[in-house]
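Read the numbers this way: they start at 1 and go in the same order the structure lists the ligands and their atoms.
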Amino acid sequence: MLRRMGSEPTTLDMFAEDAAQEPRTEKIGPRSFVLRGFALPLIEQVLPALQQVLEQSPFRHMTTPGGFTMSVALSNCGSVGWVTDRTGYRYTRIDPETGAPWPTLPDVFLKLAKNAAAEGGFPGFMPDACLVNRYVPGAKMSLHQDKNEYGYEWPVVSVSLGIPATFLFGGLERSDKTQRVSLFHGDVVVWGGEDRLRYHGVLPLKHAEHPLLGEQRINFTFRKAQ
Ligand code: SIN
Ligand code: FE2
């Protein structure tokens with residue numbers, strides 16, 4: 001904290017400390033929350049674990065069923081991973097690029113996802129899939145629902161790292177009004193229960209540079225897929 005050496009902390013310093021320790025939770029739906037900075041305490045363990053995942057299953061641009069190449073590059077870890085190609089969206093056990101199983105979910109990823117879910121009102125969450133998305137400036141994610149999972153009783157836990165993005169959070173119909181939520185390095189969004197199938201997306205990223213991750217945003221979405 002900002003504390004001058006050799007002097008007693010002022011009231012202002014003490015408030016600053018409270019602010020840093022108190023996780024800020026913003027409610028964006030009946031069962032949807034933004035947990036500001038929730039990933040920050042684990043960041044020094046998360047980044048090397050991510051590096052290892054990407055050495056086994058590197059980022060790649062996949063094709064949508066409609067034949068478009070996604071602007072977002074992706075990888076996965078967990079017992080299954082989300083993929084898309086001309087035949088559709090689905091979860092697979094094998095990384096189609098390497099022919100090997102997806103890398104296992106690192107313990108620190110699991111810890112982050114479980115703790116965030118509990119904080120958002122979903123204790124006992126045990127994800128089996130983590131989609132890792134990489135956005136560079138200009139990349140976006142069109143409005144969609146997450147509905148390739150076997151059931152929807154568990155939430156989606158989404159962790160943002162790197163440069164900021166504007167998350168669009170809509171309703172259960174594509175045409176419903178969307179809220180714009182700015183997401184920053186370390187923020188976690190949790191949506192589940194009656195909100196689990198809400199449409200969401202990401203606006204094209206603006207140019208920015210992050211001190212740890214450079215000109216990119218990395219997003220993890222944890223789900224119970226099977
Ligand atoms: C997703 O919906 O898969 C990604 C959301 C995000 O990047 O914040
Ligand atoms: Fe999604």
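The distance from ligand 1 to the heavy atoms of Val202 drops below 4.0 Å at these ligand atoms: 6 (C), 7 (O), 8 (O).
Annotation: the span from Leu42 atom CG to Lys111 atom NZ amounts to 5.5 Å, rounded to 0.5 Å. Leu213 contributes atom CG, which lies 5.5 Å from atom CG of Leu47 (distance to the nearest 0.5 angstrom).
Only side-chain heavy atoms of Asn133 come within less than 4.0 Å of ligand 1; its backbone N, CA, C and O stay farther off.
Taking the six-membered ring where the residue is Trp, the centroids of Tyr89 and Trp82 are separated by under 6.0 Å.
Relative ring orientation between Phe220 and Phe222 is described as perpendicular, the plane-to-plane angle rising above 60° on a 0-90° scale split at 30° and 60°.
Although no hydrogens or angles enter the test, the distance criterion places a donor-acceptor pair under 3.5 Å between the side chain of Arg31 and the main chain of Gly121.
Closest to atom 5 (C) of ligand 1 among all protein heavy atoms lies Asn219 OD1, 3.7 Å. Of the protein's heavy atoms, Tyr135 OH, 2.5 Å lies nearest to atom 7 (O) of ligand 1.
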Practice item. Please report the C-alpha distance between Asp146 and Arg196 in whole Å, then the side-chain angles of each, then the deciding distance to 0.1 Å, and finally whether the side-chain contact (heavy atoms from CB on, under 4.5 Å) criterion is met. Key: CA-CA 8 Å; Asp146 288 5; Arg196 175 62 176 73; 3.7 Å; yes

Review point. Can you list the steps and then say if Phe33 with Glu119 is a side-chain contact (heavy atoms from CB on, under 4.5 Å)?
Key: CA-CA 9 Å; Phe33 300 92; Glu119 186 74 19; over 6 Å; no

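In the candidate list His200, Arg217, Arg223, His200 is nearest to atom 2 (O) of ligand 1, counting heavy atoms.
Protein atoms of type N, O or S found under 2.8 Å from the Fe ion (ligand 2) total 3.
Met126 places a side-chain heavy atom less than 4.5 Å from the side chain of Leu110.
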